[in-house]
2 protein chains.
Amino acid sequence: MLRRAIDLFNEQGYDGTSMGDLARELGFSKSAIYHHVPSKTHLLSQALDEALDGLTEVLDEASREVPGATAYDRLRRAVRLSVAVLVDHQPAVTLLLRVRGNSEVEVAALRRRRDLDARFAALVREAVEEGSLRSDVPPALVSRLLFGMVNSLVEWHRPGGAVDAGQLSDAITTIAFDGLALGRGSSGHQS
Amino acid sequence: MLRRAIDLFNEQGYDGTSMGDLARELGFSKSAIYHHVPSKTHLLSQALDEALDGLTEVLDEASREVPGATAYDRLRRAVRLSVAVLVDHQPAVTLLLRVRGNSEVEVAALRRRRDLDARFAALVREAVEEGSLRSDVPPALVSRLLFGMVNSLVEWHRPGGAVDAGQLSDAITTIAFDGLALGRGSSGHQS
């Protein structure tokens, strides 16, 4: 039920979707829909939590101290796992990226997004301080641009299409890190 | 007049903006607006052309054969100039990136956008064939991801803010190309 509601929100916009539209889509009568769905806001909240919980787990997982792992390893892992979350939860993440703060639920989601951005930027800073990441691009800008590249895939990635999640992760981490990692850029280079 | 119409379209959506809204915004009465603006579509068309003409000039300029310039130089220049167009025409480009093909004007704009994507992907392929760009990421994917990173700036770049256009161009070309350029990655690297 949540799947179909998310698709509908993405197709015609959350604000442009009425409970009547939802009822039709879900096969309920207009009077029966409220027995199944407490409110449109409730569905939006569940959808945004799906995306935000996935990305929070990524940062929890990537931030965990692992013996022998560097800040660079943690950052690279965070990017790789983020791509996987975007691909696995593409409709929910698409909805999240369109949120503009038009309601309490949206404002709360934007707050969680900002927290995630800050945690990600902290990972970038740690890798810079460790000396494994170039320091000539400000960490906040690095994290915006990396997520710009990662998030863009919701615009054009088609599940089951020519490019799978593994190729996407490889492409993004390769482009991003062979540019960012000091002294690591040689792996993909031919002389 | 076009400026304020574009801002209004970006704030409340093109479909969500009426001629009455435009009249209020532009300081005309509802009956006078049609003497000044033939139609809402006309303004949309002008706005999308502004963005598309800018990007077309970039590709014309970058594609020009210059003695001594390689395909890699042309591609790097195309990325750098595209960032400048996005910054200079941010409201018009923002509108362009939201176009979904809901009308004849939008379909025509999407067609022009696809042509530009194809020309850009051709520049990527030439650089791969020349041997100056890594060949392990498919050119079509490279061009989508690069433009994902470039286009993301319409979401967060604030004119007159902490980051200026030059820093943005530098950051994007550095991240992108020190990862993409075979044998060129060493400039930003410390051992």
Side-chain angles (χ1 to χ4, degrees), chain A residues 10-13 15-16 83 86 97-98 100 102 114 117 131-157 161-164 167-191, chain B residues 10-13 15-16 83 86 97-98 100 102 114 117 131-157 161-164 167-191:
Chain A
N10 282 331
E11 275 160 35
Q12 51 188 60
D15 293 328
V83 175
L86 257 73
L97 294 175
R98 291 182 187 166
R100 290 290 171 266
N102 297 335
R114 271 197 301 275
D117 287 345
S132 56
L133 216 67
R134 54 188 316 137
S135 57
D136 57 346
V137 182
L141 191 51
V142 167
S143 80
R144 281 186 188 283
L145 291 171
L146 281 191
F147 268 96
M149 181 157 62
V150 172
N151 291 341
S152 76
L153 67 86
V154 308
E155 299 290 333
W156 50 263
H157 178 63
V163 182
D164 67 24
Q167 283 176 296
L168 270 178
S169 286
D170 288 346
I172 290 173
T173 47
T174 298
I175 295 175
F177 287 101
D178 287 346
L180 285 168
L182 299 175
R184 290 181 191 239
S186 56
S187 62
H189 294 167
Q190 295 155 10
S191 67
Chain B
N10 281 331
E11 276 160 34
Q12 50 189 60
D15 293 328
V83 174
L86 257 74
L97 293 176
R98 291 182 186 166
R100 291 289 171 266
N102 298 335
R114 269 196 302 276
D117 287 344
S132 57
L133 216 67
R134 53 188 316 136
S135 57
D136 57 345
V137 183
L141 191 51
V142 167
S143 80
R144 281 185 188 281
L145 290 172
L146 281 190
F147 268 95
M149 181 157 63
V150 171
N151 291 341
S152 76
L153 66 87
V154 307
E155 298 291 332
W156 49 263
H157 178 63
V163 182
D164 68 24
Q167 283 176 296
L168 269 179
S169 286
D170 288 346
I172 290 173
T173 47
T174 298
I175 294 175
F177 287 101
D178 288 347
L180 284 169
L182 299 175
R184 289 181 190 240
S186 55
S187 63
H189 294 168
Q190 295 154 10
S191 65

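Since the structure is predicted, the reported quantities are computational estimates derived from the model, not experimental observations. Every chain is numbered from 1, with letters handed out A, B, ... down the list of sequences.
With B:Leu141 as reference, A:Leu168 is the one residue of A:Ile175, A:Leu168, A:Leu153 to meet the side-chain contact (heavy atoms from CB on, under 4.5 Å) rule.
The shortest non-hydrogen separation linking B:Ser152 to A:Gly148 is CB-CA, 3.3 Å. Listed here is the closest heavy atom pair of B:Leu145 and A:Met149: O-CG, 3.6 Å.
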Show your working on side-chain contact (heavy atoms from CB on, under 4.5 Å) between B:Val137 and A:Asp170 and close with a plain yes or no. CA-CA 8 Å; B:Val137 183; A:Asp170 288 346; over 6 Å; no

**Study point:** Residues A:Arg98, B:Glu155; criterion salt bridge (charged side-chain N to carboxylate O under 4.0 Å, His left out); working and verdict
**Key:** CA-CA 10 Å; A:Arg98 291 182 187 166; B:Glu155 298 291 332; over 6 Å; no

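At a 4.5 Å heavy-atom cutoff, the contact between B:Ile172 and chain A is made by backbone and side-chain atoms alike.
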